[in-house]
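Not measured: the values here are computed from a predicted model. For this chain, numbers begin at 1 and follow the sequence in order.
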Amino acid sequence: MAEIVQQRIEDRIPELEQLERVGLFTKKEVKSIIKRVTALEYKLHRLIVNKEDFIAYIQYEINVLELIKKRRAHIHYQFKREEIEYPIIHRINSIFKRATNKWKDDVQLWLSHVAFCKKWATKSQISKVFSAMLAIHPDKPALWIMAAKSELEDRNSSESARHLFLRALRFHPNDKKVYQEYFRMELLHCEKLRKQKIQLEQAQMDLGEYEFSPEILSGKLAEVVYKDATGKIKEAEFVISLLNIAAIFDFTKDLQESILQDLQTNYTDDSSTWDFMAKRELEAPGAGEELQTAKGRASDINRREERCCQVYEEGVKSLNTEPMWTCYVAFLLERMKRKTNSLSLRQERLLGVLQRAHDCSLLKENYYKNWLQILLSSGDAEGAASVAMTATQRYSQSVTMWSLSLQTLMELGSRDIGRCFQDALKHVNPKESLPLWQLQFEWSKANQSAEETEAILKRGLLSAVPAVAMEMKECYLDWSYSTGGYKKARKTFTSNLRDYYERVLQEFGTSDEDLWLQYIREELGPLGQPENCGKIHWRAMKFLEGESVERFVSKYALLQTGHL
């Protein structure tokens with residue numbers, strides 16, 4: 001090993017001598033470099049090597065390169081690169097290669113090598129790294145895309161990029177992103193050729209030696225990619241994504257029309273198609289004279305929105321589904337954000353669509369919140385109360401919907417709120433009911449008698465769901481203290497909470513060590529009786545089973561030392 005390391009150090013002597021000779025480094029600095037790289041080399045030649053050692057060596061060499069770059073700029077010396085930088089770059093590439101050969105699965109290591117090559121190495125070296133990486137990781141579409149983009153952008157080779165995309169599609173024949181980027185690449189290539197042709201024509205040069213095929217210039221290669229892609233991936237959103245890519249380029253009018261026709265012919269059973277077609281109406285050009293005044297511009301926007309809504313109306317007639325209504329409602333909510341004189345008209349239209357979607361039982365759950373907010377802000381209390389009740393019928397098992405509706409009824413001061421709380425707790429999953437118990441307690445505390453509030457808390461204590469029972473226990477103690485002081489809180493603990501713990505432990509005492517610990521903690525508190533803790537501990541050790549015993553012992557020790 002020592003001989004190999006010594007040989008590698010000796011191989012560096014010429015470049016180090018040049019660094020000192022041209023004044024980029026001092027003699028002391030060169031000695032420091034030799035000492036540091038010797039230590040790094042020895043680490044790479046141990047029997048058991050770490051990836052971190054390779055990374056540290058690479059980073060050190062890159063730091064040296066960066067320092068040389070700064071020193072060159074400082075002393076204005078730009079010669080001897082082949083004798084100084086090139087050997088260092090070659091060495092870093094070699095270390096990267098050794099590392100990626102050993103840790104082939106580390107994609108980040110490969111990408112670090114690519115990043116280094118982009119900054120310091122030759123363009124051909126980047127291709128070699130990507131080629132080696134893809135041989136190991138052909139299952140990752142993103143790497144194929146990166147490699148193809150590198151060929152196009154770094155090496156200016158559309159042919160190599162096309163070859164990589166075609167190879168990628170052999171491994172990933174139905175990958176949307178690969179097709180999207182392949183489609184984009186062909187359009188970029190076409191745009192580049194068109195610009196070259198224009199420049200040559202402007203320079204009045206002979207085009208004979210250049211190949212500018214009319215078919216390629218018109219985007220036929222991209223059209224081939226489109227047909228292949230949509231033949232395998234028959235989804236409206238995917239077609240729309242390709243149309244949006246084509247729309248970036250100003251020479252693709254015919255291609256865009258072809259894609260649009262395909263969309264309208266083959267994908268009318270998808271809400272994304274109707275949504276896209278409707279929103280296109282917003283982009284339709286207006287009359288030139290009309291746009292000269294603010295009133296004219298507002299009128300033009302209103303007409304565009306009207307055309308959008310007409311398309312959405314056709315959509316919900318043709319495709320009466322929740323996604324279709326969702327697209328329509330989402331569009332109208334977005335337009336509501338615009339502060340214009342047409343706000344009342346937009347609101348009226350939105351309320352109508354919300355009602356119709358609800359009547360069809362196709363209104364998405366989260367839109368009921370928007371509906372209630374609009375009704376409340378416009379002062380329609382009766383309408384808000386009606387929607388709140390019908391929403392819970394539509395989503396009777398949704399805690400979120402019950403919470404929203406109950407909060408609305410609370411805000412409106414509804415007389416039926418108590419019954420609604422009972423209905424809510426009957427319909428929702430008990431394990432998810434905690435927010436409803438909390439809401440009911442807060443409402444009762446503010447609106448009902450102490451006896452009624454205490455009755456709610458006692459019912460909560462009896463819940464079979466530990467989270468609900470625990471929360472109600474804490475609320476009960478806090479409420480008792482706030483309404484009757486220390487004496488009432490102690491009485492509550494003595495008369496109710498011990499009974500609560502005993503009943504809960506009968507059901508969960510064999511497996512839930514935290515219940516026993518909570519019981520002990522309560523007895524250790526200001527309202528409890530610490531002398532009971534020993535008896536509770538003994539019972540816990542007797543009742544708990546399996547691993548629960550070990551966890552209890554461990555946590556109890558932490559509790560005694562004040563760490564729990």
> After noting the C-alpha distance and the side-chain angles of Tyr328 and Ser271, does the key distance pass the side chain to side chain contact (heavy atoms under 4.5 Å, CB included) rule?
Replying inline: CA-CA 9 Å; Tyr328 197 178; Ser271 60; over 6 Å; no

>> Applying side chain to side chain contact (heavy atoms under 4.5 Å, CB included) to Lys234 and Thr230, what does each step give before you reach the verdict?
In response: CA-CA 5 Å; Lys234 300 180 183 297; Thr230 53; over 6 Å; no

>> One pair to check against side chain to side chain contact (heavy atoms under 4.5 Å, CB included): Val178 and Ile145. What are the steps and the verdict?
In response: CA-CA 6 Å; Val178 172; Ile145 293 170; 4.2 Å; yes

> Which is it for Leu260 and Arg280 under the side chain to side chain contact (heavy atoms under 4.5 Å, CB included) test, yes or no, and what are the steps along the way?
Replying inline: CA-CA 11 Å; Leu260 200 57; Arg280 272 177 66 88; 3.4 Å; yes

>> Quick one, Glu66 with Lys70, criterion salt bridge (Lys or Arg N to Asp or Glu O under 4.0 Å). Give me CA distance, side-chain angles, the key distance, then yes/no.
In response: CA-CA 6 Å; Glu66 293 284 2; Lys70 288 179 182 178; over 6 Å; no

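Minimum heavy-atom separation, Phe251 to Leu187: CZ-O, 3.6 Å. Taking both residues in full, the closest heavy atoms of His137 and Trp144 are given as O-NE1, 4.4 Å, listed atom of the first, atom of the second, then distance. Shown here for Trp120 and Ile89, the closest heavy-atom pair between the two residues is O-CD1, 3.4 Å. Across every non-hydrogen atom of Pro173 and Tyr179, the tightest pair is O-CE1, 3.3 Å. The minimum heavy-atom distance linking Leu217 with Cys190 is given by the pair O-SG, 3.1 Å. Between Ile245 and Gln180, the shortest heavy-atom contact is CD1-O, 3.7 Å.
The only option from Glu281, Glu314, Glu313 that meets the salt bridge (Lys or Arg N to Asp or Glu O under 4.0 Å) definition with Arg307 turns out to be Glu281. In summary, of the residues considered (Ile58, Leu111, Asn93, Ile126), a side-chain contact (heavy atoms from CB on, under 4.5 Å) with Phe116 occurs for Asn93 alone.
Between Tyr182 and Phe165, the two ring planes are parallel [angle under 30°; tilted spans 30° to 60°].
In this structure, a donor-acceptor pair under 3.5 Å is absent between the side chains of Lys192 and His189. If you check the side chains of Tyr312 and Asp275, you find a donor sitting under 3.5 Å from an acceptor. With no hydrogens or angles considered, no side-chain donor-acceptor pair links Asp262 and Tyr267 at under 3.5 Å. With hydrogens and angles left out, the side-chain atoms of Arg303 and Ser299 include a donor and acceptor closer than 3.5 Å. Of the N and O atoms on the side chains of Ser398 and Glu365, at least one donor lies less than 3.5 Å from an acceptor on the other residue. Ser403 and Gln407 share no donor-acceptor pair across their side chains, judged by distance under 3.5 Å alone. At a cut-off of 3.5 Å, with distance as the only test, no side-chain donor of Gln264 or Thr273 sits close to an acceptor on the other residue. Side chains of Glu322 and Thr326: a donor-acceptor N/O pair is absent below 3.5 angstrom, by distance only.
With rounding to the nearest 0.5 angstrom, the CG atom of Asp228 is 12.5 Å from the CD atom of Glu223. Atom OG of residue Ser131 and atom CD1 of residue Ile136 lie 10.5 Å apart, to the nearest 0.5 angstrom. Between the CD atom of Gln18 and the CD1 atom of Ile68 there is a distance of 11.5 Å, given to the nearest 0.5 Å. For the atom pair Trp110 CH2 and Phe96 CZ, the distance stands at 11.0 Å (nearest 0.5 Å).
Judged by distance alone, with hydrogens and angles left aside, the side-chain atoms of Ser94 form a donor-acceptor pair with the main-chain N or O of His90 at under 3.5 Å. Side chain of Arg12 to backbone of Ile88: no donor-acceptor contact under 3.5 angstrom is found. Judged by distance alone, the side chain of Ser554 and the main-chain N or O of Glu550 form no donor-acceptor pair under 3.5 Å. Under a 3.5 Å cut-off, the side chain of Asn50 and the backbone N or O of Glu52 do not form any donor-acceptor pair. At distances below 3.5 Å, not a single donor-acceptor pair connects side-chain atoms of His113 with backbone N or O atoms of Leu109. Ser150 places no side-chain N or O within 3.5 Å of a backbone atom of Met146 that could act as its donor or acceptor partner. In this structure a side-chain-to-backbone donor-acceptor pair under 3.5 Å is present from Ser377 to Ile374. Side-chain atoms of Thr561 come within 3.5 Å of backbone atoms of Leu558 as a donor-acceptor pair (strictly under, hydrogens ignored). Judged purely by atom type and a 3.5 angstrom limit, Ser32 has no side-chain atom pairing as donor or acceptor with the backbone of Lys28. Put simply, the side chain of Ser241 gets close to the backbone of Phe238: a donor and an acceptor are under 3.5 Å apart.
Looking at heavy atoms from C-beta onward, Asn370 lies out of side-chain contact with Val329 at the 4.5 angstrom threshold. At a threshold of 4.5 Å between non-hydrogen side-chain atoms, the residues Leu65 and Ile92 count as touching. A 4.5 Å side-chain heavy-atom check between Asp514 and Lys555 finds at least one atom pair inside the cut-off. Contact of the Arg46 side chain with the Ile48 side chain is not registered, since no non-hydrogen atoms from C-beta on lie closer than 4.5 Å. Contact check for Leu169 versus Asn174: no side-chain heavy atoms found under the 4.5 Å cut-off. Side-chain contact check for Ser272 versus Ile240: some heavy-atom pair is nearer than 4.5 Å. The side-chain heavy atoms of Phe276 and Asn244, taken from C-beta on, include a pair separated by under 4.5 Å. Here the side chains of Leu350 and Trp371 are not in contact, with every heavy-atom distance at 4.5 Å or above.
In this structure, Glu513 pairs ionically with Arg551, as a charged nitrogen and a carboxylate oxygen lie closer than 4.0 Å. A salt bridge between Lys149 and Asp154 is absent, with no side-chain N of the basic residue lying under 4.0 Å from a carboxylate O of the acidic one. The pair Glu159-Arg162 counts as a salt bridge, with a side-chain nitrogen and a carboxylate oxygen less than 4.0 angstrom apart. Arg155 has a carboxylate O that lies under 4.0 Å from a charged side-chain N of Glu151, or vice versa, which qualifies the two as a salt bridge. One finds a salt bridge joining Arg346 and Glu305 here, because a Lys/Arg side-chain nitrogen approaches an Asp/Glu carboxylate oxygen to under 4.0 Å. Looking at Glu17 and Lys27, no side-chain N of the basic residue comes within less than 4.0 Å of a carboxylate O on the acidic one, giving no salt bridge. Between Glu181 and Arg184, at least one side-chain nitrogen of the basic residue sits less than 4.0 Å from a carboxylate oxygen of the acidic one, meeting the salt-bridge criterion. Note on Lys176 versus Glu235: salt bridge recorded, some NZ/NE/NH1/NH2 to OD/OE distance being below 4.0 Å. Here Arg349 pairs with Glu306 in a salt bridge; the nearest charged N to carboxylate O distance falls below 4.0 Å. For the pair Arg91 and Glu15, the salt-bridge criterion is met [side-chain N within less than 4.0 Å of a carboxylate O].
In this structure, Trp325 has its ring center at least 6.0 angstrom away from the ring center of Tyr367.
With sequence neighbours left out, the salt bridge (Lys or Arg N to Asp or Glu O under 4.0 Å) criterion links Lys104 to no other residue.
Taking the ring centre of Tyr86 as origin, the terminal cationic atom of Arg81 falls outside the region bounded by 6.0 Å and 45° from the ring axis. Note that Arg71 lies in the cation-pi zone of Phe25, set by a 6.0 Å cut-off to the ring centre and a 45° limit from the axis.
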